[in-house]
Amino acid sequence: MKVDVLLGLQWGDEGKGKVVDVLTPNYDVITRFQGGPNAGHSLEFNNIKHVLHTIPSGVFHGDKINIIGNGVVVDPVIFAQEFNGLLKLGVDLRKNLFLSKKAHLIMPSHRALDAGKEASKGKLKIGSTLKGIGPCYTDKIDRSGLRIGDICSDKFQEKYNATKNQHLNLMKIYPTDFDLDGYEKQWMEAIELIKEFPLIDSEHVINDYIKQEKKILAEGAQGTLLDIDFGTYPFVTSSNCVCAGACTGMGIAPNKIGDVFGIFKAYITRVGSGPFPTELDDEVGEEIRKIGREFGATTGRPRRTGWMDLVALKYVCMLNGVTKLIMTKADVLDTFETIKIATAYKINGEVFDYMPYDIDCEIEPVYKEFKGWNTDISKMRSEGELPKELLEYVAFIEKETGVPVSIISVGPDRDATIIR
Ligand code: GDP
Ligand code: IMO
Ligand code: MG
């Protein structure tokens, strides 16, 4: 059985958590493969909203295996907070949540460095979540990082001190007021909690599951426009959010990938700095933010909002080999008279219908307008109920991308989902 992958196609927060929770009953195993606690994946059922950062979004379906893959970076403190929060709800993950020994650890000094480096960038700051993601992946590539597998070694403290000492030197260049000692104490306690989980050679386990015909869903974090190679560099995260990241972040061969579910909002948002061609810096954008409750699940920051960007959507469908599209938050546009989609960018008089190298410049989006549906779709549960204007909007996206929209989400709750 091949591994299906679910990926964000925009700048994150497309509704991955919700949809993974909806799809989990069809799978045996849910894995995360990149990113870390910069992610905030929300899901909702029985009128309760849950936000997960490091833990896969399949955990509310008791019998499933959840895996934190080798490509993920783990902050033990945040992991412990998530675990304890779930334990209070009666969800004890110590038996069915496995952690890859090859996943890297976000150290307290990574967080301090993230804060210090970001502050030093002034106007060029990325708008990082400040969870230590960049410095942790930097050490991974620099071959000086600490991995989960190291925590069982006699030499763990020695390795920890060696890396921390390097960081202390860097922190003289990038000072912050981050409480390193206080965080380190919590961090060491949380390391003891991590030892209670199955720490596994995840690449072997996952490939064995594939041989056993188990159904696996890989849950992406962030979104392709934040990908380190193909996103709006340098305003990106430090991992590969594209489908290929599922191969390196889990240890599976490309020919083991099955369906690629690409998820996008009916409009688009971004949190943090960086170019945003279709950004609506006006009352329409404010209305989308208000109705869509567009505030970050990890940092609470207001998200920037804009019209759907088809130039970007086609680009990311190409990069990821998306086989099925999932559209979320169409309900947020219920009251809009007109809905727009950018089909090209005009830069210095030249029209681009594909993603150019640099979009951090003056861009005039070329819009196609659609008549709004002006109907409350949030209670609709079947395709037959959906207004024709919405179906026309969806059909246009399908035609332009060449990929079918297989799920339409019409609200944050598990039930508010139309599978076509
Ligand atoms: P993720 O990072 O991709 O998992 O997305 P987030 O959880 O950060 O942000 C998505 C937000 O939209 C969350 O607050 C969800 O509860 C909410 N949401 C998801 N799908 C829908 C939908 O179809 N309609 C509405 N109104 N909200 C949704
Ligand atoms: P999910 O998985 C939205 C953004 C940050 C910042 C940039 C770099 O919930 O979709 P980092 O902390 O990685 O150094 O930040 O990336 N960012 C996200 N934006 N959703 C996310 O995750 C994000 N993870 C990182 O706001 O602009
Ligand atoms: Mg999120």
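Treat the numbers as computed from the prediction; the structure is a model and nothing was measured. Read the numbers this way: they start at 1 and go in the same order the structure lists the ligands and their atoms. Residues take their numbers from the sequence shown, with the count starting at 1.
- Checked against a 3.5 angstrom limit, the closest N/O atoms of A221 and ligand 2 fall outside it.
- The side chain of K49, and not its backbone, has at least one atom closer than 4.0 Å to an atom of ligand 1 (non-hydrogen atoms only; side chain from C-beta on).
- At a heavy-atom cutoff of 4.0 Å, ligand 1 is contacted by the side chain of D331 but not by its backbone.
- Under the 4.5 Å side-chain criterion, counting only non-hydrogen atoms from C-beta, F178 is not in contact with D114.
- In this structure, K324 fails the cation-pi test against F261, since its NZ or CZ atom is not both closer than 6.0 Å to the six-membered ring centre and inside 45 degrees of the ring normal.
- Residue S128 has at least one N or O atom closer than 3.5 Å to an N or O atom of ligand 2.
- Residue, atom and distance of the protein heavy atom nearest to atom 10 (C) of ligand 1 are D13 O, 3.7 Å.
- For the pair F156/L146, a side-chain contact is recorded, criterion being any heavy-atom separation below 4.5 Å from C-beta on.
- Residues F197 and L93 approach most closely at CE2-O, 3.6 Å, considering heavy atoms.
- In this structure, A39 falls outside the shell of residues with a heavy atom less than 4.0 angstrom from ligand 1.
- Close approach of ligand 2 to H41 is summarised as follows: ligand atoms under 4.0 Å from at least one heavy atom of the residue are 1 (P), 2 (O), 9 (O).
- Formation of a donor-acceptor pair under 3.5 Å by the S273 side chain with backbone atoms of I126 is found in this model.
- Close approach of ligand 2 to G127 is summarised as follows: ligand atoms under 4.0 Å from at least one heavy atom of the residue are 5 (C), 6 (C), 26 (O), 27 (O).
- Short contacts between ligand 2 and K16, defined as distances under 4.0 Å to a heavy atom of the residue, involve ligand atoms 1 (P), 2 (O), 10 (O).
- With a 4.5 Å cut-off on side-chain heavy atoms, V20 and H41 do not count as touching.
- For atom 7 (O) of ligand 1, the nearest non-hydrogen atom of the protein is S42 OG, 2.5 Å.
- Those atoms of ligand 2 with a heavy atom of G272 less than 4.0 angstrom away are 27 (O).
- Distances from the Mg ion (ligand 3) show that G40 has an N/O/S atom below 2.8 Å.
- Formation of a donor-acceptor pair under 3.5 Å by the K265 side chain with backbone atoms of D13 is found in this model.
- In terms of protein heavy-atom proximity, atom 27 (N) of ligand 1 is nearest to K329 CE, 3.3 Å.
- Side chain to side chain, Y315 and D309 fail the donor-acceptor criterion of an N or O pair below 3.5 Å.
- Using a 4.5 Å cut-off on side-chain heavy atoms (C-beta onward), V311 and F352 make no contact.
- Of all N, O or S atoms in D13, the one lying closest to the Mg ion (ligand 3) is OD1.
- Near V271, meaning under 4.0 Å from one of its heavy atoms, ligand 2 places the atoms 3 (C), 5 (C), 19 (N), 26 (O), 27 (O).
- Between E14 and ligand 2, a contact under 3.5 Å exists for no N or O pair.
- For the pair V236 and ligand 2, a heavy-atom separation below 4.0 Å is found.
- Crowding of R293 atom CZ: a count of heavy atoms from other residues, nucleotides or ligands under 6.0 Å not exceeding 12.
- Under 4.0 angstrom from ligand 1, there are no non-hydrogen atoms of Q10.
- Contact of the V316 side chain with the F264 side chain is not registered, since no non-hydrogen atoms from C-beta on lie closer than 4.5 Å.
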Take K16 and E219 through the salt bridge (charged side-chain N to carboxylate O under 4.0 Å, His left out) test and state the conclusion after the steps. CA-CA 8 Å; K16 298 175 289 292; E219 173 181 1; over 6 Å; no
Between K368 and E400, does the salt bridge (charged side-chain N to carboxylate O under 4.0 Å, His left out) criterion hold? Intermediate values first, please. CA-CA 12 Å; K368 178 173 168 64; E400 291 292 314; over 6 Å; no
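- Contacts of H41 with ligand 1, taken as heavy-atom pairs under 4.0 Å, involve both backbone and side chain.
- Taking distance alone, with nitrogen or oxygen atoms compared against 3.5 Å, D114 stays at or beyond that limit from ligand 2.
- Between S409, P412, G17, G411, it is P412 that holds the heavy atom closest to atom 16 (O) of ligand 1.
- Distances from ligand 1 to the non-hydrogen atoms of R303 include at least one value under 4.0 Å.
- Side-chain contact between L105 and I191 is present, with at least one heavy-atom pair separated by less than 4.5 Å.
- Contact annotation for V410 and ligand 1: only backbone heavy atoms (N, CA, C, O) come within less than 4.0 Å of the ligand.
- Remark: ligand 2 and K131 share no N or O pair separated by less than 3.5 Å (distance only, no angle test).
- Near R301, with a cut-off below 4.0 Å to any heavy atom, the atoms of ligand 2 are 5 (C), 26 (O).
- For the pair E14 (side chain) and G12 (backbone), a donor-acceptor distance under 3.5 Å is present.
- Between L226 and ligand 2, no pair of N/O atoms sits closer than 3.5 Å.
- From the protein, the heavy atom lying nearest to atom 6 (P) of ligand 1 is G40 O, 3.5 Å.
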